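Single-structure report; data block below.
The model shown is predicted, which means the values in this text are computed figures rather than measured ones.
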Amino acid sequence: MIFDIGGVLEVTEVMDFDIEWEQRLGLERGRILGRLADVRPAGSIGTITESAFRDAIIERLEIEPRTADELIADIWRQYLGVANDELIAYAKTLRPAYRTGIISNSFVGAREREQRSYGFEDLVDDIIYSHEIGIAKPDPRIYAMACDRLAVDPQQVVFIDDAQIALDGAAAAGMTTIHHTDNATTITTLKTLLHNAKR
């Protein structure tokens with residue numbers, strides 16, 4: 001089993017930090033994301049550091065370092081959301097009978113914060129963060145890498161995500177997919193798949 005993080009193992013809210021901060025800074029609507037348009041994709045594949053991210057916010061938004069730190073704290077608060085305790089508890093029951101993993105389209109700094117908040121490294125056998133390997137879902141290489149690291153064939157994998165584009169990539173790689181919309185449906189579907197696989 002391979003899980004996504006944001007929207008699956010974490011309950012996340014809409015990333016709308018920019019609305020409040022544009023009001024606070026007296027900026028026109030869309031200015032923050034516009035000035036940082038290249039930063040998000042760079043951070044997701046690890047081509048910038050956390051320090052460079054902070055510097056870009058300070059320079060491009062023309063704000064003081066302390067203000068930038070407050071903005072960054074708000075970004076991470078929304079990014080991390082809260083633990084999806086029910087699904088995490090179920091995921092814990094899968095080991096050691098099954099190999100489990102995570103594939104996350106992430107941002108530089110995510111591993112440390114998510115481990116500190118949720119202990120995902122202790123939950124599964126392996127975690128792939130896009131910012132650490134330089135590729136992101138739905139690139140087929142990320143699914144192949146996950147299978148290699150878990151020592152399983154794609155046909156043996158159930159992949160759980162809330163984003164259709166990521167699910168499509170996993171299906172193209174040969175995995176069975178579950179579109180996560182709520183815990184009850186995901187858990188029931190996964191239990192059924194595992195039961196049928198034993199028959």
Side-chain angles (χ1 to χ4, degrees), residues 1-17 40-41 43-45 75-107 110-111 113-133 135-147 149-150 152-198:
M1 269 61 63
I2 298 177
F3 296 87
D4 175 42
I5 294 181
V8 179
L9 296 177
E10 292 170 353
V11 179
T12 52
E13 58 187 81
V14 176
M15 293 288 287
D16 59 359
F17 65 89
R40 182 174 180 178
S44 72
I45 57 171
I75 293 172
W76 280 114
R77 178 184 57 78
Q78 290 196 332
Y79 181 103
L80 293 171
V82 297
N84 185 348
D85 292 324
E86 183 181 15
L87 191 57
I88 289 172
Y90 176 70
K92 287 179 180 178
T93 70
L94 297 171
R95 298 169 74 197
Y98 301 96
R99 300 280 289 167
T100 60
I102 285 171
I103 301 176
S104 176
N105 280 1
S106 51
F107 196 86
R111 179 185 287 270
R113 287 172 174 83
E114 288 175 331
Q115 178 60 20
R116 194 160 54 239
S117 297
Y118 307 125
F120 288 145
E121 292 176 15
D122 307 310
L123 177 67
V124 296
D125 295 299
D126 185 63
I127 303 178
I128 292 179
Y129 281 104
S130 65
H131 75 272
E132 295 178 344
I133 63 169
I135 53 176
K137 297 174 289 188
D139 189 312
R141 293 174 295 172
I142 203 167
Y143 305 102
M145 180 180 294
C147 290
R149 286 164 55 158
L150 290 172
V152 295
D153 294 326
Q155 292 75 19
Q156 297 174 290
V157 175
V158 179
F159 177 79
I160 302 102
D161 206 301
D162 63 322
Q164 191 60 51
I165 190 171
L167 294 164
D168 291 343
M175 299 177 178
T176 299
T177 62
I178 297 175
H179 188 173
H180 177 74
T181 56
D182 63 87
N183 290 336
T185 302
T186 293
I187 292 170
T188 298
T189 303
L190 189 49
K191 285 180 177 179
T192 300
L193 288 171
L194 296 178
H195 174 75
N196 291 342
K198 292 179 179 180

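In Leu193, the CG atom is crowded: over 12 heavy atoms of neighbouring residues, nucleotides or ligands sit closer than 6.0 Å. No more than 12 heavy-atom neighbours from other residues, nucleotides or ligands sit within 6.0 angstrom of CZ on Arg40.
The heavy-atom pair separating Ala170 from Phe159 by the smallest distance is CB-CD2, 3.4 Å. Of all heavy-atom pairs spanning Tyr143 and Ala166, the tightest one is OH-O, 2.7 Å. Of all heavy-atom pairs between Thr177 and Ala171, the closest is CG2-N, 3.8 Å. Residues Ile88 and Ala83 approach most closely at CD1-CB, 3.9 Å, considering heavy atoms. Shortest non-hydrogen contact noted between Gly169 and Pro138 is CA-CB, 4.1 Å.
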Using side-chain contact (heavy atoms from CB on, under 4.5 Å), reason through Tyr118 and Leu123 one step at a time and then give a plain yes or no.
CA-CA 9 Å; Tyr118 307 125; Leu123 177 67; over 6 Å; no
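Every pair tested for salt bridge (charged side-chain N to carboxylate O under 4.0 Å, His left out) that includes a residue from residues 181-194 fails, sequence neighbours excluded, so the list is empty.
Annotation: side chain of Met175 is in contact with side chain of Cys147 (closest heavy-atom distance under 4.5 Å). Residues Ile127 and Glu114 have side chains not in contact (no heavy-atom distance under 4.5 Å, counting atoms from C-beta outward). Thr185 is not listed as a side-chain neighbour of His179, based on a closest heavy-atom distance of 4.5 Å or more. Side-chain contact between Leu194 and Tyr98 is present, with heavy atoms from C-beta onward closer than 4.5 Å. Side-chain contact between Leu87 and Leu9: present, with at least one pair of heavy atoms (C-beta onward) separated by less than 4.5 Å.
In this structure, NE2 in His131 is found 7.0 Å from CZ in Arg111, a value given to the nearest 0.5 Å. Note that CD1 of Ile103 is 8.5 Å distant from CG of Leu150, once rounded to the nearest 0.5 Å. Taking CD1 from Ile142 and CD1 from Ile128, the interatomic distance works out to 6.0 Å, rounded to the nearest 0.5 Å. For the atom pair Asp4 CG and Ser106 OG, the distance stands at 10.5 Å (nearest 0.5 Å). To the nearest 0.5 Å, atoms CG (Leu167) and CD1 (Ile160) are separated by 9.5 Å. Note that CZ of Arg113 and CG of Leu80 are 7.5 Å apart. Values are rounded to the nearest 0.5 Å.
Side-chain atoms of Gln78 come within 3.5 Å of backbone N or O of Asp16 as a donor-acceptor pair. In this structure, Thr186 contributes its side chain and Asn183 its backbone to no donor-acceptor pair below 3.5 Å. Remark: the backbone N or O of Ala136 is not paired with any side-chain donor or acceptor of Asn105 at under 3.5 angstrom. Side chain of Asn84 to backbone of Val8: a donor-acceptor contact under 3.5 angstrom is found. The backbone N or O of Gly81 sits nowhere less than 3.5 Å from a side-chain atom of Thr12 that would complete a donor-acceptor pair. Checked by atom type and distance alone, the side chain of Gln115 pairs as donor or acceptor with a backbone atom of Phe120 at under 3.5 Å.
Remark: Gln156 pairs with no residue by the side-chain hydrogen bond (donor to acceptor under 3.5 Å, both in side chains) rule, at least two apart or across chains. When the salt bridge (Lys or Arg N to Asp or Glu O under 4.0 Å) test is applied to Asp125, the partners found at least two apart in sequence or on another chain are Arg95, Arg99. Taking the ring pair (Phe, Tyr, Trp, His ring centres under 6.0 Å) definition, one finds that Phe3 meets it with nothing, sequence neighbours left out. Annotation: ring pair (Phe, Tyr, Trp, His ring centres under 6.0 Å) contacts of Phe17 (sequence neighbours excluded): none. For Asp139, the salt bridge (Lys or Arg N to Asp or Glu O under 4.0 Å) partners are Arg141, not counting sequence neighbours.
A perpendicular orientation is assigned to the rings of Tyr79 and Trp76, their planes being inclined by more than 60° (bins at 30° and 60°).
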